[in-house]
Asker: 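First the structure, then my questions, so here it is.
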Amino acid sequence: MSVKLAIYPGSFDPVTNGHIDIIVRGLKIFDRIIVGILNNPGKDPLFSVDERKAMLQASLKGITGIEIDTFDGLLVDYALHRGAQAILRGMRAVSDFEYEFQMALMNRRLNREIQTVFLMTGLRWIFTSSSIIKEAAQFGGNITGMVPKVVNQQLRNKFAPVSNSH
Ligand code: COA
């Protein structure tokens, strides 16, 4: 029997509970999911790829069928290289649609063998994004329940006020 494998790509700077929701629900469709962290130096991330990978690993600990990996270059090339049949994406709101549609069509143009599968993001996460969570955390907002515990802690560490000793 063939194993159904999907790539769930993204920046994950950092991973949120919205991403975790998509991964957990994706596992009801796919046998295995590779979470592919895009190594994109142009995006000026808050967390390094290694930090993002470690947070994903801690957040998904105990869930079987998951691998965390990094990639650069074209997503369809990476999917092909990993033997995946599908790209998994979450769709939050109508505002996501145009970008996702464009990307899915481009990816199909680049490789017709790889299908893009969309899952609607859970209602609880419809308004979240990594940037908005980072912004709230930066100014001391309470983001409990929006991100895994380990991410909450890492954000606190990043934005901890530097003590001024004079
Ligand atoms: N819950 C909460 N937030 C979510 C979410 C969910 N379920 N799904 C996405 N988001 C948020 C992310 O946190 C991110 O927020 P931010 O912009 O504030 O950081 C935003 O939605 C979109 O990010 P992400 O899903 O990580 O996608 P991306 O746009 O950063 O990257 C890739 C998309 C990696 C798939 C795409 O850039 C890619 O494939 N690159 C490789 C190059 C390539 O092949 N290009 C050709 C494709 S046409």
Side-chain angles (χ1 to χ4, degrees), residues 5-30 33-53 55-56 59-60 63 66-82 84-139 141 143-152 154-155 158-159:
L5 171 65
I7 306 286
Y8 181 50
S11 306
F12 305 106
D13 183 39
V15 60
T16 70
N17 281 343
H19 294 124
I20 304 286
D21 173 57
I22 297 288
I23 295 168
V24 169
R25 284 164 49 217
L27 280 172
K28 293 183 195 291
I29 304 173
F30 297 102
I33 294 177
I34 297 174
V35 182
I37 306 169
L38 178 66
N39 187 0
N40 182 359
K43 232 187 157 181
D44 193 22
L46 177 66
F47 293 101
S48 71
V49 167
D50 286 345
E51 287 173 321
R52 284 181 265 162
K53 192 172 178 182
M55 284 187 280
L56 272 158
S59 308
L60 294 165
I63 301 179
I66 298 287
E67 180 188 329
I68 324 285
D69 194 14
T70 59
F71 77 101
D72 46 33
L74 278 184
L75 173 59
V76 287
D77 289 349
Y78 173 66
L80 194 70
H81 161 72
R82 295 305 314 262
Q85 299 84 19
I87 292 165
L88 174 65
R89 293 288 290 169
M91 186 91 77
R92 283 165 302 170
V94 181
S95 50
D96 278 347
F97 181 79
E98 208 170 307
Y99 172 63
E100 292 296 338
F101 190 54
Q102 193 181 22
M103 208 159 59
L105 290 181
M106 179 53 119
N107 283 333
R108 192 160 78 203
R109 171 92 206 262
L110 294 170
N111 188 329
R112 298 195 75 78
E113 299 306 312
I114 295 166
Q115 310 303 322
T116 303
V117 173
F118 292 103
L119 281 180
M120 291 307 296
T121 295
L123 255 188
R124 291 174 69 192
W125 320 114
I126 217 100
F127 64 95
T128 64
S129 76
S130 300
S131 309
I132 209 159
I133 285 170
K134 279 184 281 191
E135 190 170 321
Q138 183 176 2
F139 298 110
I143 51 158
T144 306
M146 298 172 80
V147 290
K149 279 199 178 106
V150 60
V151 174
N152 200 338
Q154 290 296 325
L155 282 167
K158 280 275 178 202
F159 295 125

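Just so you know, ligand 1 is whichever comes first in the structure, and atom 1 is the first atom listed for that ligand. Each residue takes its place number in the sequence, starting with 1.
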Asker: Output the list of atoms in ligand 1 that are nearer than 4.0 Å to some heavy atom of T121, sorted by atom number.
Answerer: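 Listed by number with element, the hits are 7 (N).
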Asker: Does ligand 1 have an atom that lies less than 4.0 angstrom from a heavy atom of Y78?
Answerer: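 Y78 does not count as a contact of ligand 1 under the 4.0 Å cut-off.
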Asker: Near Q138 CD, under 6.0 Å, is it more than 12 heavy atoms from other residues, nucleotides or ligands?
Answerer: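 Above 12, so yes.
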Asker: Please list, in number order, the atoms of ligand 1 under 4.0 Å from a heavy atom of G73.
Answerer: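 Per the distance check, 41 (C), 42 (C).
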Asker: Checking a contact table here: which protein heavy atom is nearest atom 11 (C) of ligand 1, and how many Å away?
Answerer: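 The closest one turns out to be R92 NH1, 3.4 Å.
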Asker: Closer than 4.0 Å to some heavy atom of P9 - which atoms of ligand 1 meet that?
Answerer: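 Heavy-atom distances to P9 below 4.0 Å select 35 (C).
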Asker: Considering only the protein, which heavy-atom contact is closest to atom 13 (O) of ligand 1, and what is its distance?
Answerer: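 Residue, atom and distance for the closest contact: S130 OG, 2.6 Å.
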Asker: Where do V117 and A86 come nearest, in terms of heavy atoms and distance?
Answerer: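 Shortest heavy-atom contact: CG2-CB, 4.3 Å.
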Asker: Treating R92 as the side-chain partner and T128 as the backbone partner, does any N or O pair qualify as donor plus acceptor under 3.5 Å?
Answerer: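 Looks like yes, one N/O pair under 3.5 Å.
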Asker: For ligand 1, indicate whether the residue L38 contacts it via side chain, backbone, both or neither (heavy-atom separation under 4.0 Å).
Answerer: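 Just the side chain.
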Asker: What are the atoms of ligand 1, with element, lying closer than 4.0 Å to any heavy atom of I22?
Answerer: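 Near I22, the atoms of ligand 1 are 7 (N).
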Asker: Checking the side chain of S130 only, and the main-chain atoms of P14 only, is there a donor and an acceptor separated by less than 3.5 Å?
Answerer: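 Yes; at least one donor-acceptor contact below 3.5 Å.
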Asker: Distance to 0.1 Å, residue and atom name: give those for the protein heavy atom nearest to atom 9 (C) of ligand 1.
Answerer: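 Of the protein heavy atoms, H19 NE2, 3.7 Å lies nearest.
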Asker: Decide yes or no for L27 and V24: does some side-chain heavy atom of the first lie under 4.5 Å from some side-chain heavy atom of the second?
Answerer: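 No. Closest side-chain heavy atoms not under 4.5 Å.
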Asker: Checking a contact table here: which protein heavy atom is nearest atom 44 (O) of ligand 1, and how many Å away?
Answerer: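 It is L75 N, 2.8 Å.
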Asker: Do L155 and I133 touch side chain to side chain, with heavy atoms closer than 4.5 Å?
Answerer: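 Yes; the side chains approach each other to less than 4.5 Å.
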Asker: Can you confirm, on distance only, whether ligand 1 has an N/O atom lying under 3.5 Å from any N/O atom belonging to S11?
Answerer: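 Looking only at distances, the answer is yes, because the N/O contact criterion of under 3.5 Å is met.
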Asker: M106 heavy atoms, cut-off 4.0 Å: which ligand 1 atoms fall inside?
Answerer: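 Ligand 1 atoms under the 4.0 Å threshold to M106: 48 (S).
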Asker: Among all protein heavy atoms, pick out the one at the shortest distance from atom 3 (N) of ligand 1; state its residue, atom name and that distance to 0.1 Å.
Answerer: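 In this structure, atom 3 (N) of ligand 1 has T128 O, 3.4 Å as its nearest protein heavy atom.
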Asker: Which protein heavy atom lies closest to atom 35 (C) of ligand 1, and at what distance to 0.1 Å?
Answerer: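 The closest one turns out to be R89 NH1, 3.6 Å.
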Asker: How are the rings of Y78 and H81 set to each other: parallel, tilted or perpendicular (split at 30° and 60°)?
Answerer: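 Judged by the thresholds at 30° and 60°, the geometry between Y78 and H81 is tilted.
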Asker: For atom 29 (O) of ligand 1, find the nearest protein heavy atom and state the residue, atom name and distance (0.1 Å precision).
Answerer: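 Here the closest protein heavy atom is Y99 OH, 2.9 Å.
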Asker: If you count heavy atoms of other groups shown closer than 6.0 angstrom to CZ of R25, is the number above 12?
Answerer: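 More than 12 heavy atoms, drawn from other residues, nucleotides or ligands, come within 6.0 Å of this atom.
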Asker: Answer yes or no: does atom CE of M120 have more than 12 heavy-atom neighbours from other residues, nucleotides or ligands under 6.0 Å?
Answerer: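 Enclosed.
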Asker: Going by side-chain contact (heavy atoms from CB on, under 4.5 Å), V35 matches just one of I7, D69, L60, V15. Which one?
Answerer: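 Exactly one option meets the side-chain contact (heavy atoms from CB on, under 4.5 Å) with V35, and it is L60.
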Asker: Below 4.0 Å from any atom of ligand 1, is there a heavy atom belonging to D13?
Answerer: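 False for this residue.
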Asker: Can you find a non-hydrogen atom of G122 under 4.0 Å from ligand 1?
Answerer: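 False for this residue.
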Asker: Between L110 and ligand 1, which residue portion shows a heavy-atom distance shorter than 4.0 Å: side chain, backbone, both, or neither?
Answerer: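 Contact part for L110 vs ligand 1: neither.
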Asker: What I'd like to find out is whether the side chain of V150 reaches to under 4.5 Å of the side chain of S59, using heavy atoms alone.
Answerer: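 They are in side-chain contact.
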Asker: Which distance, rounded to the nearest 0.5 Å, do you find between the CG of D13 and the NZ of K134?
Answerer: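 These two atoms lie 3.5 Å from each other.
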Asker: Who's the nearest protein heavy-atom neighbour of atom 16 (P) of ligand 1, and how far?
Answerer: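 Minimum-distance protein heavy atom for atom 16 (P) of ligand 1 reads S131 OG, 3.3 Å.
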Asker: Which residue from Q102, M103, E135 reaches closest to atom 36 (C) of ligand 1 through any of its heavy atoms?
Answerer: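 Shortest heavy-atom distance from atom 36 (C) of ligand 1: M103.
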Asker: At a 4.0 Å cut-off, with the gap strictly under it, does some heavy atom of G90 reach an atom of ligand 1?
Answerer: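 G90 does not count as a contact of ligand 1 under the 4.0 Å cut-off.
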Asker: Would you mind reporting whether K53 and S48 have side-chain heavy atoms less than 4.5 Å apart?
Answerer: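 Side chain of S48 against side chain of K53, heavy atoms only: no contact under 4.5 Å found.
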Asker: Under 4.0 Å, heavy-atom basis, I'd like to know which part of L74 is in contact with ligand 1: side chain, backbone, both or neither.
Answerer: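 The answer is both.
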